[in-house]
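Only heavy atoms go into these numbers, but all of them, side chains included; no hydrogens, no water, no symmetry mates. Below, chains carry the letters A, B, ... as their sequence lines are ordered, and counting in each starts from 1. This one's a predicted model, so the numbers in the text were calculated from it and none came from an experiment.
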Amino acid sequence: MAPVVNIGQLHQHVGSSVTIEGWLYNKRSSGKIHFLQVRDGTGLVQCVVVKSAVTPEIFERSGLLTQESSCRVSGLVRQDDRAPGGYELDVEGIEIVQIAQEYPITHKEHGVDFLMDHRHLWLRVPRQRAIMRVRAEVQRAIFDFLDNRGFTRVDPPILTPSSCEDTTELFQTKYFDEEAYLTQSGQMYMEAAAMSLGRVYSFGPCFRAEKSKTRRHLIEFWMVEPEMAYVDHDENLRIQEQLVSHVVEHVLHHCEAELHTLGRDVEKLAKVPGSFPRMSYDDAIAWLRKNGFDIEWGDDFGAPHETALAGQYDQPLFIERYPTKIKAFYMQPDPLRPEVVLCADMLAPEGYGEIVGGSQRIADYELLNTRFDEHHLPRDTYAWYLDLRRYGSVPHSGFGLGLERTIAWICGLEHIREAIAFPRTLYRLYP
RNA sequence: UCCUCGAUAGCUCAGCGGUAGAGCAUCCGGCUGUUAACCGGAGGGUCGUAGGUUCGAAUCCUACUCGGGGAGCCA
């Protein structure tokens, strides 16, 4: 049998016989000629079976293949402009691995509910494959960037004794005789790690038991959380914009075919890399009020506000220095204006909302201690976090980047659920 | 939790008071360059569940169940 190659590498084998191992994506037949579109995860190729050119057995066998049947096909690679992808295989042999039963996902349109119930099969279509490829490259770009800048990856726990913040809802579970919760952020643990390693990051799943039911929410999502000792608010923002710029450039460079499959307007993405516009919370409120929004200083932004603000720019927009009272207890107040904190949210363009949230953290023991009182935080579970401010406390900052929201934006997805292989959403735990 | 929309064949939908329909998928037949191929034929449905109105309900009403979109909150 001819050597096995990937469909994605067929252009290197023009004129020679090869074998591909994959699944039948689609078949068209004209009585004496079969067109088999075979995919293998690396690409899609049309295989031509001409009745007069093969044995009767091979011709009959290829006619038996149903959508998504698995097969090994050998043949001669030929360049052909008529074929999608530019290359074709003149079939010389075919081995049926398994004949697929009637495949639920046809080449016609399907509803969301049906597709989500068949997510395990839906993943096979070119669009979903493209998204998974981009997801992998986004992750690779993140790791490349951070690893090349002296960051050390540290893995925080998934099971935690309590919330890292006091507002959001948590998934509760049993930890022998204690209550435990699935993590919703590794940040506080990363602050501890940063005091050991300087610059660290975590990458892992987060769980939020919020009854959020929008196209921007998942119950289980993945987050990158860098934390950096001796880094202040301004440097924090510079690192964030460099990271996001790098990710976009990497995807543009490595996922050209995937972005084309997704129909993404790459011109818009090409405008992203660089330094990002910044707007103070104060200015954002003023701008919103001037543009007809009913909002006051001290209110948090809703999705329509974020979309309107970010819609003014081609690049992600930083909104910085939010009111202290609407932000997390651990954020460092602006020394000149303690009513605001040294934080920023990064809002993606095109209405994708917040993809990064970060801040400089409180380094002062007394101030953090006061915050514990104000927020009625349990001292027994958080004693260790206060400890960090007693033994060589330093200014430090960090941020969290939501992986799926970033992917949804880069891919131009209508809904975040397509950005992860098996989304956990409100009311959906299957498959 | 609230607002809003929906549930009819395997899938996508039409039918909106008078015997349940189409396209695709499946099966059979035809076609040597198809591009969501096409042409002919066949099989396939307790119209989400439970009540109610009516001579008669997929259709009107009520409740429930399950989903979609959005809000709040967040990455």
Side-chain angles (χ1 to χ4, degrees), chain A residues 25-37 44 46-54 59 64 66-68 78 80-85 88 90 100-118 121-122 125-126 165-170 184-187 203-225 240 244 299-307 326-328 345-348 352-358 399-409 414-417 419-420 425-428 430:
Chain A
Y25 177 68
N26 202 3
K27 179 181 70 180
R28 299 186 192 88
S29 179
S30 301
K32 295 194 176 64
I33 182 166
H34 294 307
F35 297 98
L36 310 176
Q37 291 191 321
L44 184 72
Q46 177 157 282
C47 306
V48 185
V49 192
V50 178
K51 193 170 187 179
S52 58
V54 297
F59 190 78
L64 291 173
T66 55
Q67 187 187 353
E68 288 303 313
R78 177 171 47 75
D80 194 317
D81 294 336
R82 292 173 293 186
E88 278 190 347
D90 284 329
Q101 297 176 27
E102 186 179 340
Y103 200 67
I105 299 183
T106 67
H107 297 290
K108 297 286 175 178
E109 284 175 20
H110 296 282
V112 169
D113 196 33
F114 177 81
L115 288 171
M116 292 299 287
D117 279 340
H118 296 82
L121 303 177
W122 187 23
V125 310
E165 299 175 31
D166 53 354
T167 50
T168 32
E169 296 179 51
L170 298 168
Q184 59 164 2
S185 165
Q187 179 210 311
F203 178 64
C206 298
F207 307 87
R208 305 253 169 114
E210 298 160 0
K211 302 273 183 174
S212 297
K213 199 164 110 75
T214 80
R215 68 179 71 184
R216 294 180 307 279
H217 285 89
L218 292 170
I219 300 300
E220 178 183 305
F221 66 97
W222 289 64
M223 189 153 64
V224 185
E225 294 184 279
Q240 290 174 37
V244 172
D299 293 341
D300 208 350
F301 300 130
H305 306 125
E306 291 184 353
T307 302
I326 60 170
K327 284 292 179 181
D345 288 349
M346 188 196 295
L347 308 181
Y352 282 92
E354 182 184 348
I355 54 172
V356 179
F399 61 95
L401 179 144
L403 184 72
E404 287 80 11
R405 282 192 185 172
T406 303
I407 292 162
W409 162 52
E414 254 180 57
H415 200 298
I416 195 171
R417 67 184 156 219
I420 186 167
T425 59
L426 198 60
Y427 308 137
R428 186 174 287 282
Y430 177 93

Using a heavy-atom cut-off of under 4.0 Å over every strand shown, decide if [X] touches base, sugar-phosphate, or nothing.
{"X": "A:K51", "result": "nothing"}
{"X": "A:D345", "result": "nothing"}
{"X": "A:Q46", "result": "base"}
{"X": "A:L218", "result": "base"}
{"X": "A:G302", "result": "sugar-phosphate"}
{"X": "A:H217", "result": "base"}
{"X": "A:S52", "result": "base"}

Using atom [atom1] of each nucleotide, how far apart are [N] and [M] to the nearest Å?
{"N": "B:rC5", "M": "B:rA58", "atom1": "P", "answer": "24 Å"}
{"N": "B:rA57", "M": "B:rG15", "atom1": "C1'", "answer": "13 Å"}
{"N": "B:rA71", "M": "B:rU34", "atom1": "P", "answer": "47 Å"}
{"N": "B:rU26", "M": "B:rU32", "atom1": "C1'", "answer": "26 Å"}
{"N": "B:rC64", "M": "B:rG6", "atom1": "C1'", "answer": "16 Å"}
{"N": "B:rG48", "M": "B:rU8", "atom1": "C1'", "answer": "10 Å"}
{"N": "B:rG29", "M": "B:rC66", "atom1": "P", "answer": "46 Å"}
{"N": "B:rG44", "M": "B:rA7", "atom1": "P", "answer": "25 Å"}

Using both distances under 3.5 Å as the test, list the Watson-Crick or G-U wobble partner of [N], or none.
{"N": "B:rU32", "result": "none"}
{"N": "B:rA22", "result": "B:rU12"}
{"N": "B:rU1", "result": "B:rA71"}
{"N": "B:rU54", "result": "none"}
{"N": "B:rU59", "result": "none"}
{"N": "B:rG45", "result": "none"}
{"N": "B:rG6", "result": "B:rC66"}
{"N": "B:rG17", "result": "none"}

For the side chain of [X], counting heavy atoms from C-beta on, which of [options] is nearest?
{"X": "A:K32", "options": "B:rC31, B:rC74, B:rA75", "value": "B:rC31"}
{"X": "A:A303", "options": "B:rU32, B:rA71, B:rC74", "value": "B:rA71"}
{"X": "A:K211", "options": "B:rA75, B:rU32, B:rG72", "value": "B:rG72"}
{"X": "A:R28", "options": "B:rA75, B:rC73, B:rA36", "value": "B:rA36"}

### Task
Let me know, please, whether A:V50 or A:N26 comes out on the 5' side of the other along RNA chain B by nearest nucleotide.
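Here A:V50 is the residue nearer the 5' end.
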
### Nearest-nucleotide comparison on RNA chain B, the residue closer to the 5′ end among A:L426 and A:I416
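That would be A:L426.
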
### Query
Going by the angle between their ring planes, with limits at 30° and 60°, are A:Y25 and A:H107 parallel, tilted or perpendicular?
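A:Y25 vs A:H107 ring planes: perpendicular.
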
### Query
So A:H118 and A:F114, would you call those rings parallel, tilted or perpendicular, with 30° and 60° as cut-offs?
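Answer is tilted, since the angle falls between 30° and 60°.
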
### Message
Check for me: is A:Y103 stacked on B:rA25 by the 5.5 Å centroid and 30° plane-angle rule?
### Response
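No; by the centre-distance and plane-angle rule, A:Y103 does not count as stacking on B:rA25.
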
Under 4.0 Å: is that the gap between some side-chain N or O of [X] and OP1 or OP2 of [N]?
{"X": "A:H415", "N": "B:rG68", "result": "no"}
{"X": "A:R417", "N": "B:rG69", "result": "yes"}
{"X": "A:R82", "N": "B:rU32", "result": "no"}

### Message
Test your reading of the model: is there a side-chain donor-acceptor pair from A:Q184 to the backbone of A:A209, 3.5 Å cut-off?
### Response
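Checked: no pair found.
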
### Message
Regarding B:rC66, can its base be found pairing with the side chain of A:R428 as donor and acceptor, where the two atoms are less than 3.5 Å apart?
### Response
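No, no donor-acceptor pair under 3.5 Å.
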
### Message
Using a distance-only criterion (donor-acceptor N/O pair, under 3.5 Å, no hydrogens), is the base of B:rG69 paired with the side chain of A:K213?
### Response
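By the distance-only test, yes, there is a pair.
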
Would you tabulate the pairs of protein nitrogen or oxygen atoms and nucleotide nitrogen or oxygen atoms of nucleotides 44-47 of chain B closer than 3.5 angstrom?
none

### Query
Heavy-atom distance under 4.5 Å between the side chains of A:I219 and A:F207, does that happen here?
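No, too far: nothing below the 4.5 Å cut-off.
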
#### Entry: Flag side-chain contact, heavy atom, 4.5 Å: A:V244 against A:T406
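SC-SC contact between A:V244 and A:T406 ruled out.
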
Might you point out which heavy atoms bring [X] and [Y] nearest each other, and give the distance in Å?
{"X": "A:A408", "Y": "A:Y352", "result": "O-CE2, 3.4 Å"}
{"X": "A:E210", "Y": "A:L426", "result": "O-CD1, 4.1 Å"}
{"X": "A:E404", "Y": "A:W222", "result": "OE1-N, 3.0 Å"}

### Message
Just the rounded figure in Å: distance from C1' of B:rG72 to CZ of A:R216.
### Response
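Distance check: A:R216 CZ to B:rG72 C1' gives 11 Å.
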
#### Entry: Integer-rounded Å distance: B:rC28 C1' and A:L64 CG
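Between C1' of B:rC28 and CG of A:L64: 14 Å.
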
### Message
Rounded to the nearest 0.5 Å, what separates atom NE2 in A:H217 from atom NE2 in A:H415?
### Response
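NE2 of A:H415 is found 10.5 Å from NE2 of A:H217.
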
### Query
Can you name the residues that form a salt bridge (Lys or Arg N to Asp or Glu O under 4.0 Å) with A:D300, not counting sequence neighbours?
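For A:D300, no residue satisfies salt bridge (Lys or Arg N to Asp or Glu O under 4.0 Å) once neighbours in sequence are set aside.
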
Give me, pair by pair, the N or O atoms of the protein and of nucleotides 4-11 of chain B that are less than 3.5 Å apart, along with how far apart they are.
residue : atom : partner : partner atom : Å
B:rC11  : O2'  : A:E109  : O            : 3.4
B:rC11  : O2'  : A:H110  : ND1          : 2.5

